[in-house]
Amino acid sequence: MPELPEVETIVRSLRNPENDLLKDEQSLRGRSGIIGKTIHDADLRWLRTLATPEPEVFQQRITGQNILSVDRRGKFIVMTLDAGTLLFHLRMSGDLRVESQTQPVQTHDRLIINFVDKQRLVFNDTRKFGRVWLVDEVSEIFANLGPEPLDPKLTGEDLYESWSRSTRMIKTLLLDQSLLAGVGNIYSDEALFRARIHPSTPGRFLTVEKCDQLLAAVREVLEEGIRRNGASIDWVYRGGDFQNYFKVYQRTGEACEICGTPIERLVIGQRSSHFCPHCQL
DNA sequence: ACGAGCGCCTGTCGGC
DNA sequence: TGCCGACAGGCGCTCG
């Protein structure tokens, strides 16, 4: 489930849920802030979930540390500790929740971080693709990450610079985290629809104007996603409702809301792309 | 430099 | 009912 808006929603709720824009109690279920909490220990229930360091080193290094801040970089969740940084990547099915240690452990809980106040942070990940890192320097992990799409300093010209010499399809370029960090399969399809760009357009065919429009569309859909607390589909429910506002994603065969042409699906770069063949050129 | 294919995993859904 | 393939929000690898 998690692309930039879903990760951002989780980060905000971990930071200070009482100030969240979340409207109903449902969305706040099981969530509370973790900033300032002290880690007692960790329970790693699926070995490969921990990318680095070795489990014993992780356990020893994390004990007694305070969580100073919770932030987001691309699709990564970044927790600054007294010494070092704890990073989470949710990949396809990861989720983080905060609850009392008296709650029963759930089926797909992969890493449990217990706090001294008897609360805990739980990394639940059905498909086991998610990863956790404890590092001294985040640059080790972020070295290859592109700019933040919502950074006001980023311009359409910057994207034109990184895309315009490429023969790769724009859909693939949008998903390339080294060029732009945080956009995934849903938001790339939705942004391309809004910018009226066909997903298989080669990067080199895009003008500066098109890049401007696409960046604006990317920001539009990301901001709407954040405003709606992300999208919730399948069995992963978190209270967001952006899925009710998709214009093309997983709407193959349905009428385009602009022109009525059936939405088509095309596999690009091993990922499904949804688009209107009439509106997107 | 690029795309295709596959691995990593579990779960759901539709067709037969 | 059960089995089987397709597919799912991501990303890293190898191989042409």
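Reminder, nothing fancy here: chain letters follow the sequence lines and each chain counts from 1.
- Side chain to side chain, D41(A) and T63(A) fail the donor-acceptor criterion of an N or O pair below 3.5 Å.
- When each of E220(A), E6(A), E224(A) is checked for a side chain to side chain donor-acceptor pair (under 3.5 Å) with Y187(A), only E6(A) meets the rule.
- Among the protein residues, R265(A) comes within range of the sugar-phosphate backbone only, with heavy atoms under 4.0 Å from sugar or phosphate atoms but none that close to a base.
- Here dC7(C) presents its P atom at 20 Å from CZ of R251(A), a figure rounded to the nearest Å.
- The distance from atom CG of L175(A) to atom P of dC11(C) is 8 Å, rounded to the nearest whole Å.
- Side chains of D95(A) and N124(A): a donor-acceptor N/O pair is absent below 3.5 angstrom, by distance only.
- Contact annotation: R91(A) does not reach the phosphate of dG9(C) (side-chain N/O to OP1 or OP2, under 4.0 Å).
- Between W133(A) and F76(A), the ring-plane angle classifies as tilted under the 30° and 60° cut-offs.
- Each of V78(A) and I34(A) belongs to its own hydrophobic cluster when Ile, Leu, Val, Met, Phe, Trp and Tyr are linked at side-chain heavy-atom distances under 4.5 angstrom.
- For D109(A) and dT10(B), the CG to P distance is 15 Å, given to the nearest whole Å.
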Task: Sequence-aligned protein contact record of nucleotides 2-7 of chain B, with B where the base is within under 4.0 Å of a protein heavy atom and S where only the sugar-phosphate is - done: SSSBB-
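- Across dC9(B) and dG2(C), the matching C1' atoms stand 23 Å from one another, rounded to whole Å.
- In this model, the phosphate group of dC9(B) is approached by a side-chain N or O of R48(A) to a distance below 4.0 Å at OP1 or OP2.
- Two residues are said to be in side-chain contact when any heavy atoms from C-beta on lie closer than 4.5 Å; L47(A) and T49(A) fail this criterion.
- Considering only side-chain N and O atoms, S272(A) lies under 4.0 angstrom from the phosphate OP1 or OP2 of dA8(C).
- For dG11(B), the OP1/OP2 oxygens have a side-chain nitrogen or oxygen of H108(A) closer than 4.0 Å.
- The C1' atoms of dG3(B) and dG9(C) are separated by 22 Å, rounded to the nearest whole Å.
- K128(A) places its NZ atom 17 Å from the C1' atom of dA8(C), with the value rounded to the nearest Å.
- In this structure, the side chains of Q280(A) and P199(A) come closer than 4.5 Å at one or more pairs of heavy atoms.
- Here dG12(C) presents its P atom at 10 Å from CD1 of I141(A), a figure rounded to the nearest Å.
- At dG9(C), one or more side-chain N or O atoms of R271(A) fall inside 4.0 Å of OP1 or OP2 (strictly under the cut-off).
- For Y249(A) and dG9(C), the shortest distance from a side-chain N or O to OP1 or OP2 is below 4.0 Å.
- Spacing between dA4(B) and dC7(C) at atom P, rounded to whole Å, works out to 15 Å.
- With F246(A) as the aromatic partner, R251(A) does not meet the cation-pi criteria of under 6.0 angstrom to the ring centre and within 45 degrees of the ring axis.
- Between K75(A) and dG10(C), a side-chain N or O to OP1/OP2 separation shorter than 4.0 Å is present.
- One interatomic measurement links the two molecules: CZ of F88(A) to C1' of dC11(C), which rounds to 19 Å at whole-angstrom precision.
- Atom pair H89(A):NE2 and dG9(C):P shows a separation of 14 Å (rounding to whole Å applied).
- A distance of about 25 Å separates the P atoms of dA1(B) and dG10(C), rounded to the whole Å.
- Considering only heavy atoms from C-beta on, R45(A) comes within 4.5 Å of V105(A) through its side chain.
- As rounded to whole Å, 13 Å separates atom C1' of dA8(C) from atom CG of D125(A).
- For S69(A) and T80(A), the side-chain atoms include at least one donor-acceptor pair closer than 3.5 Å.
- Remark: the E209(A) side chain and the Y160(A) side chain contain no N/O donor-acceptor pair separated by less than 3.5 Å.
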TODO: Could you summarise the pairing of DNA chain C as dot-bracket text, marking Watson-Crick and G-U pairs under 3.5 Å with ( ) or [ ] inside the strand and | across strands?
DONE: .|||||||.|||||||
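- Stacking between F129(A) and the base of dC8(B) is present: ring centres sit under 5.5 Å apart and the planes differ by under 30 degrees.
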